[in-house]
There are 2 protein chains.
Amino acid sequence: MDKKDLEILQILQKDASVPLSDLAQAVHLSTTPCWRRLQKLQEEGVIRQHVVLCDPARLNLGLTVMVTLKAAQHNEKWMQKFITGVKDIPEIVEILRMSGDIDYLLKVHVPDMAGFDLVYKKLVKVADLQDVSSSFVMEVIKSTTALPLDYAILKSGKN
Amino acid sequence: MDKKDLEILQILQKDASVPLSDLAQAVHLSTTPCWRRLQKLQEEGVIRQHVVLCDPARLNLGLTVMVTLKAAQHNEKWMQKFITGVKDIPEIVEILRMSGDIDYLLKVHVPDMAGFDLVYKKLVKVADLQDVSSSFVMEVIKSTTALPLDYAILKSGKN
DNA sequence: GGTGAAATTGTTATCCA
DNA sequence: TGGATAACAATTTCACC
């Protein structure tokens with residue numbers, strides 16, 4: 001990976017609908033090498049997915065809730081039960097296992113409080129939980145899928 | 001928006017690189033009406049962006065940190081200072097203003113602890129903060145940009 | 001690695017049911 | 001609204017630096 005690859009990623013992380021010809025021009029390349037770089041980035045798994053991002057408000061998802069919880073038991077069996085039970089709930093878009101005081105942090109998209117209550121009830125049925133706590137998102141100040149590229153390890157010294 | 005629109009979104013939220021002809025076939029339509037629906041979904045702002053998702057690990061972003069913090073002052077001036085200062089830090093990919101005990105929740109991507117410390121120092125310089133607390137992500141169990149579509153309000157009764 | 005152009009495939013516009 | 005076709009633009013492959 002070199003500087004041009006990062007330039008390509010920078011653009012595509014913001015807008016993947018740009019034609020290859022425009023992308024190539026932006027990184028001062030012709031289409032073929034630019035295309036080959038793209039292929040390589042996908043094969044290597046640097047680029048994982050091509051997706052569209054939807055507006056939660058337009059899909060009647062006006063409420064975002066962050067749920068923190070502790071496991072009732074700390075063993076493999078509990079963890080498996082919890083993960084398999086929670087993973088397929090579509091309203092839960094993110095499940096992070098955390099260090100420190102809290103075991104898991106979940107992000108939940110629902111239309112409203114009533115909708116959240118339904119998900120909450122589903123959640124507590126999955127496995128024994130301790131200290132379930134819900135915080136509601138008042139305002140999304142920033143939200144991006146674009147990762148910082150400044151730390152990527154470059155192969156060639158040519159910048 | 002009707003059921004076919006949701007089917008289109010369902011597919012594109014997982015993979016936006018499918019050719020229009022395949023997409024059309026999947027929703028039992030020919031390319032033209034499928035294309036028109038896509039255009040409309042974009043114009044209406046249901047589809048916000050077309051992006052590629054990258055693998056943090058491959059970009060040397062091995063550490064994800066969730067930072068919670070309280071404002072030192074609760075006024076518009078402080079908020080403006082905080083937001084403008086934090087928004088442009090590329091390692092901070094998400095800033096949520098929360099209800100309850102904690103004022104803000106941030107998501108930070110960095111290579112390692114040393115990298116986080118640098119961002120942390122940047123962060124505390126921006127504005128006066130109270131109770132800054134960092135939790136480290138041990139494992140990403142689920143992470144998707146695909147929103148649940150079951151709550152969308154359908155215009156036509158034809159399913 | 002890079003270029004330019006040909007072959008292939010996908011997208012957009014026009015028109016008709 | 002949906003479908004067929006044609007015009008257009010894009011991507012992928014190829015032979016050659």
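Heavy atoms only: backbone and side chains are in, while hydrogens, waters and symmetry mates are out. Just so we're on the same page: letters track the sequence lines, and every chain starts at 1.
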**Item:** Heavy-atom check, side chain of B:Leu154 versus side chain of B:Leu6, under 4.5 Å
**Value:** yes
**Asked** Going by the salt bridge (charged side-chain N to carboxylate O under 4.0 Å, His left out) test, which pairs reach into residues 119-128 of chain B, not counting sequence neighbours?
**Response** B:Glu91-B:Lys122, B:Asp117-B:Lys121
**Request:** Map every base of DNA chain D to its dot-bracket character, where paired means a Watson-Crick or G-U wobble contact with both distances under 3.5 Å and | marks a partner outside the strand.
**Result:** ||||||.|||.||||||
**A:Ile92 backbone acceptor or donor facing B:Lys142 side chain under 3.5 Å** = yes
**Asked** Among residues 6-24 of chain B, which contact DNA chain C at a heavy-atom distance under 4.0 Å?
**Response** B:Pro19, B:Leu20, B:Ser21
**Asked** Please, which pairs that meet ring-ring contact (aromatic ring centres under 6.0 Å, His included) have at least one residue in residues 98-122 of chain B, sequence neighbours excluded?
**Response** B:Phe82-B:Tyr104, B:Phe116-B:Phe136
**Message:** Exactly one of B:Met98, B:Met79, B:Arg97, B:Lys70 should register a side chain to side chain contact (heavy atoms under 4.5 Å, CB included) with B:Asp103. Which one does?
**Reply:** B:Lys70
**Message:** Can you list everything that forms a side-chain contact (heavy atoms from CB on, under 4.5 Å) with A:Lys4? Sequence neighbours excluded, please.
**Reply:** A:Asp2, A:Leu29, A:Arg37
**Message:** Are B:Leu69 and B:Ser133 packed together at the side-chain level, in the sense that at least one heavy-atom pair is separated by less than 4.5 angstrom?
**Reply:** no
**Request:** Could you tell me whether the side chain of B:Tyr151 reaches within less than 4.5 Å of the side chain of A:Asp112, counting heavy atoms only?
**Result:** no
**Nucleic acid contacts of residues 28-50 of chain A, taken as heavy-atom distances under 4.0 Å to DNA chain D** = A:Thr32, A:Trp35
**Message:** In the structure I gave you, are the side-chain heavy atoms of A:Leu149 and A:Gln13 within less than 4.5 Å of one another anywhere?
**Reply:** yes
**Request:** Find out whether B:Leu105 and B:Val67 are in side-chain contact, i.e. whether some heavy atom of one side chain is under 4.5 Å from a heavy atom of the other.
**Result:** no
